[in-house]
Amino acid sequence: MSTARQTQTAARPAHAGGIVVLDFGGQYTQLIARRVREMNVYSTILPCSTPLKEIEALEPAGLVLSGGPSSVYAPDAPVCDPKVLQLGKPILGICYGMQWLTHQLKGKVDPAERREYGPAELEVKDGSQLLAGLPPRLKIWASHGDHIVELPPGFRTVGTTRNAIAAAEDPRRNIYAVQFHPEVHHTEHGTDMLRNFVLRICRADTTWNPRSFIERTVEDIRARVGEQGHAVCALSGGVDSTVAATLVDRALGKRLTCVFVDNGLLRRDEFSTTLALMRKRLGLTLVGVDASAPFLEQLRGIEDPEEKRRRIGNLFIRIFEEEAHKLGQVEFLVQGTLYPDVIESVSVRGPSATIKTHHNVGGLPAEMKLKLIEPLRELFKDEVRVIGRELGLPEEILLRQPFPGPGLAVRVVGEITPERLEMVRGADAIVEEEIRRAGLYEKLWQAFAVLLPVRSVGVMGDQRSYGYAVAIRAVHSEDGMTADWARLPAELLERLSARIVNEVPGVNRVVYDISSKPPGTIEWE
Ligand code: XMP
């Protein structure tokens, strides 16, 4: 980067020239932001109620108004400051976004007799800027109730479906709108439409990439924390918290301390290997706390899954607080929250609404009164892996399967005892080893063992046995929200079964879980 360029970047906001997506609560909002980033353009999602000044401060190249489930006539219909339409920046309204801007600019929106949902065919008119270069007929993905019967003055129809004005634009005011979803894969050439908007119409800055994300995030964190501030991070060794910690470590160095708590519910050798990896390979300042005894004490006799989670969460907070206290003055807490963890649609209600963040153990930020640093909160898991790779993190961390915060506690169904934990640990180690050997570890979302509280009769070496059953769970999933059970090869299942029964004392039966999510969740508890 040249000096001139550096000076220029320093004078402008870090993300100038990107795209701001204003969220009206649409189910695909995050996809819009992601498609934009795929063009190497920075994009951020803000609640539609964000004050105009905040939007302007980002100096975006253009704005997208997202879809949303509401009708513009609903009493609580989400709105944004109508002055966004006068900012002079190019605007693309998608579905609800189109209806809202049509309504604002004195066009006419009617409640439809029936919802148009699913595939439809778009007829493209000549001379459109948004739909330039596209075939005359396209399959698109529609999802709207209201529809537009009259465009605002200055607009012209540039695309129609059988029963709707599907695309319109007013190039003079630089406002574009579609009644369908260009961001979903089912819309043919949807990405080209977005490219037309982002690259040709907005001429957005195309320097966003993993490296610039890292540089800008590090700058942002430094600016926020200041010269003296200290941060603490609860590290789990998973991808998200490790990438978040490494980013903050770049910004703050020794002023970030990571804490890794052994809750006695980790997998075999996990505590020691993770500590070594994080300290030696990543150079993080890391405190390891062995708290396995108090955790097991708290869990003694507890069978109810929610009670287990609650107790683990509460104790974790206590231990984490103690450690943070020992460090002295700490004002910030780093968390590896990702976009899918941020509850959708909440942002529609505006910045004042509490956004529930997902953390490994419940309640951490609320109780600790620390300011949150969440450098990954706008990213998807695969984007986080790309960032992690750019940061030089080992593949062994980046490709790790998810592991729940409450650990093996939710994989020992029923009461947790040291003996049962040892059984599930033994079975889990075999599952991981065999799945890796079969070349499936990176292809599966998760594969693990669950210890059931069921004993059954068996026969081993002419002797009667009366042992526990282990269930094997292996699933494919995009994001953990839904999952399909994996069709593992029969030979692999056979090997898993034989090894578990032979090598894990106390287990004499293995079953394979063929439930998908829904209705089953991925974890058993
Ligand atoms: P379920 O079991 O709800 O899990 O289908 C979905 C995904 O989330 C993981 N999981 C957790 N992760 N803290 C976490 O960090 C938790 O309390 C937790 N519970 C479940 C689970 O492993 C799966 O990938």
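Note that ligands are numbered from 1 as they come in the structure, with each ligand's atoms numbered from 1 the same way. Index from 1, following the sequence. Fair warning: this is a prediction, and the values are worked out from it, not measured in the lab.
A salt bridge links Glu307 to Arg310: one of the charged nitrogens lies within less than 4.0 Å of a carboxylate oxygen.
Each of the atoms 16 (C), 17 (O), 18 (C), 19 (N), 20 (C) of ligand 1 lies under 4.0 Å from some heavy atom of Arg309. If you number the atoms of ligand 1 from 1 as listed, the ones under 4.0 Å from a heavy atom of Lys517 come out as 1 (P), 3 (O), 5 (O), 6 (C).
Seen from the ring of Phe448, Arg411 counts as a face-on cation partner, given the 6.0 Å and 45° thresholds.
The closest donor-acceptor contact from the side chain of Glu442 to the backbone of Leu399 lies at 3.5 Å or more, if one exists at all.
An N or O contact shorter than 3.5 Å is missing between Phe403 and ligand 1 by distance.
A distance of 7.0 Å separates OG1 in Thr242 from CZ in Arg400, rounded to the nearest 0.5 Å.
Only one option out of Asn209, Thr207, Ile214 pairs with Arg211 in a side-chain contact (heavy atoms from CB on, under 4.5 Å); it is Asn209.
Heavy-atom separations between Gln401 and ligand 1 are all 4.0 Å or longer. Using a 4.0 Å cutoff on heavy atoms, Trp524 does not count as a contact of ligand 1.
Of the listed options Pro404, Pro406, Gly520, Pro404 places a heavy atom closest to atom 10 (N) of ligand 1. In this comparison of Pro518, Pro402, Gly480, the heavy atom closest to atom 6 (C) of ligand 1 sits on Gly480.
Between Tyr96 and Phe24, the ring planes are tilted. Angles from 30° to 60° get that label.
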